[in-house]
Amino acid sequence: MADSNSRVYYSRQVFLVLAWIYAVCIVAQTLLAGMALFNNYAYWGYHTTFVIWFQFIPILMLMLAFTGQLSRKIRWKVAGLFLLIVPLQYVSVHVPVIGAVHPVTPLILFWLS
């Protein structure tokens, strides 16, 4: 029983750390986009490659949400993080009609994280 309690405890602690890392990554990604728009276009390269390093954090968080026995509400929010960053962000970049959604998505991602 104690092993199960420690698993839940450590899963929750790692989940919390990943949530903070993810929130910081969203802020950094938004900053890179702003720097590319208002300072130097060369930052677009950083903006497009940085996301590769943190886009799958929500998958780890989802696994930890189960092992940490977190609520369904939190599990759905984490699933939403992944669905917003991977499919929606990539589609909004390549489909001009919904391109306006792209800069709004980080606001929702930050709020959910």
Side-chain angles (χ1 to χ4, degrees):
M1 188 69 171
D3 187 42
S4 176
N5 288 338
S6 65
R7 177 184 49 96
V8 169
Y9 174 78
Y10 288 119
S11 293
R12 290 180 178 192
Q13 294 304 309
V14 174
F15 180 92
L16 181 62
V17 169
L18 287 177
W20 276 105
I21 289 171
Y22 191 75
V24 169
C25 286
I26 295 296
V27 170
Q29 182 73 345
T30 306
L31 178 66
L32 288 170
M35 290 170 63
L37 281 172
F38 298 111
N39 188 22
N40 186 348
Y41 186 76
Y43 285 103
W44 275 123
Y46 296 117
H47 176 75
T48 57
T49 56
F50 181 60
V51 71
I52 294 168
W53 294 99
F54 72 92
Q55 68 184 350
F56 295 111
I57 289 177
I59 291 176
L60 296 172
M61 290 172 63
L62 188 59
M63 290 187 292
L64 291 167
F66 280 98
T67 60
Q69 299 175 354
L70 296 172
S71 69
R72 283 186 179 187
K73 182 178 178 180
I74 292 175
R75 292 175 192 170
W76 278 109
K77 284 183 179 183
V78 172
L81 286 175
F82 179 74
L83 293 174
L84 281 171
I85 197 165
V86 176
L88 183 61
Q89 285 293 84
Y90 286 110
V91 169
S92 68
V93 168
H94 299 293
V95 179
V97 176
I98 60 170
V101 173
H102 191 82
V104 176
T105 306
L107 298 171
I108 298 167
L109 288 170
F110 186 78
W111 176 69
L112 284 175
S113 67

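Between Phe56 and Phe82, the ring-plane angle classifies as tilted under the 30° and 60° cut-offs. Using cut-offs of 30° and 60° for the angle between ring planes, the Trp44 and Tyr41 rings count as perpendicular.
In plain terms, the two heavy atoms of Leu18 and Met61 that are nearest each other are CB-CG, 3.8 Å. Closest non-hydrogen pair, Ile98 versus Ser92, comes out as O-CB, 3.6 Å. Of all non-hydrogen atoms in Pro106 and Pro103, the two that sit nearest each other are CD-O, 3.3 Å. Contact detail for Phe50 and Ala28: the closest heavy-atom pair is CE2-CB, 3.9 Å. The two atoms that bring Val51 and Ile85 nearest to each other are CG2-CD1, 4.0 Å, heavy atoms only. Minimum heavy-atom separation, Gln69 to Arg12: O-NH2, 3.3 Å.
Using a 4.5 Å heavy-atom cutoff, the side chains of Phe110 and Thr30 are not in contact. For the pair Ile26/Phe54, a side-chain contact is recorded, criterion being any heavy-atom separation below 4.5 Å from C-beta on.
One hydrophobic cluster, built from ILVMFWY side chains closer than 4.5 Å, cannot hold both Tyr9 and Val17; they sit in different ones. Both Val14 and Leu60 belong to a common hydrophobic cluster when Ile, Leu, Val, Met, Phe, Trp and Tyr are linked at side-chain heavy-atom distances under 4.5 angstrom. The cluster map of Ile, Leu, Val, Met, Phe, Trp and Tyr, joined by side-chain heavy atoms under 4.5 Å apart, puts Val24 and Ile57 in different clusters. In the hydrophobic cluster analysis, where Ile, Leu, Val, Met, Phe, Trp and Tyr join through side-chain heavy atoms closer than 4.5 angstrom, Leu62 is grouped apart from Trp20. Both Val27 and Tyr43 are assigned to one and the same hydrophobic cluster, defined by single-linkage of ILVMFWY side chains at heavy-atom distances under 4.5 Å.
Taken from OG1 in Thr105 to CG in Leu81, the straight-line distance is 12.0 Å, to the nearest 0.5 Å. Put simply, SG on Cys25 and CD on Gln55 are 11.5 Å apart, with the number rounded to the nearest 0.5 Å. The distance from the CZ atom of Arg7 to the CG atom of Leu64 is 11.0 Å, given to the nearest 0.5 Å. Considering NZ of Lys77 and CH2 of Trp111, their distance stands at 5.5 Å, rounded to 0.5 Å.
Applying the side chain to side chain contact (heavy atoms under 4.5 Å, CB included) criterion to Thr49, with sequence neighbours excluded, gives no partner residue.
Heavy-atom neighbours of Tyr46 OH from other residues, nucleotides or ligands within 6.0 Å: at or below the threshold of 12.
A side-chain donor-acceptor contact under 3.5 Å links Arg75 to the backbone of Leu70.
Grouping Ile, Leu, Val, Met, Phe, Trp and Tyr by side-chain contacts under 4.5 Å, direct or through others, leaves Leu107 on its own.
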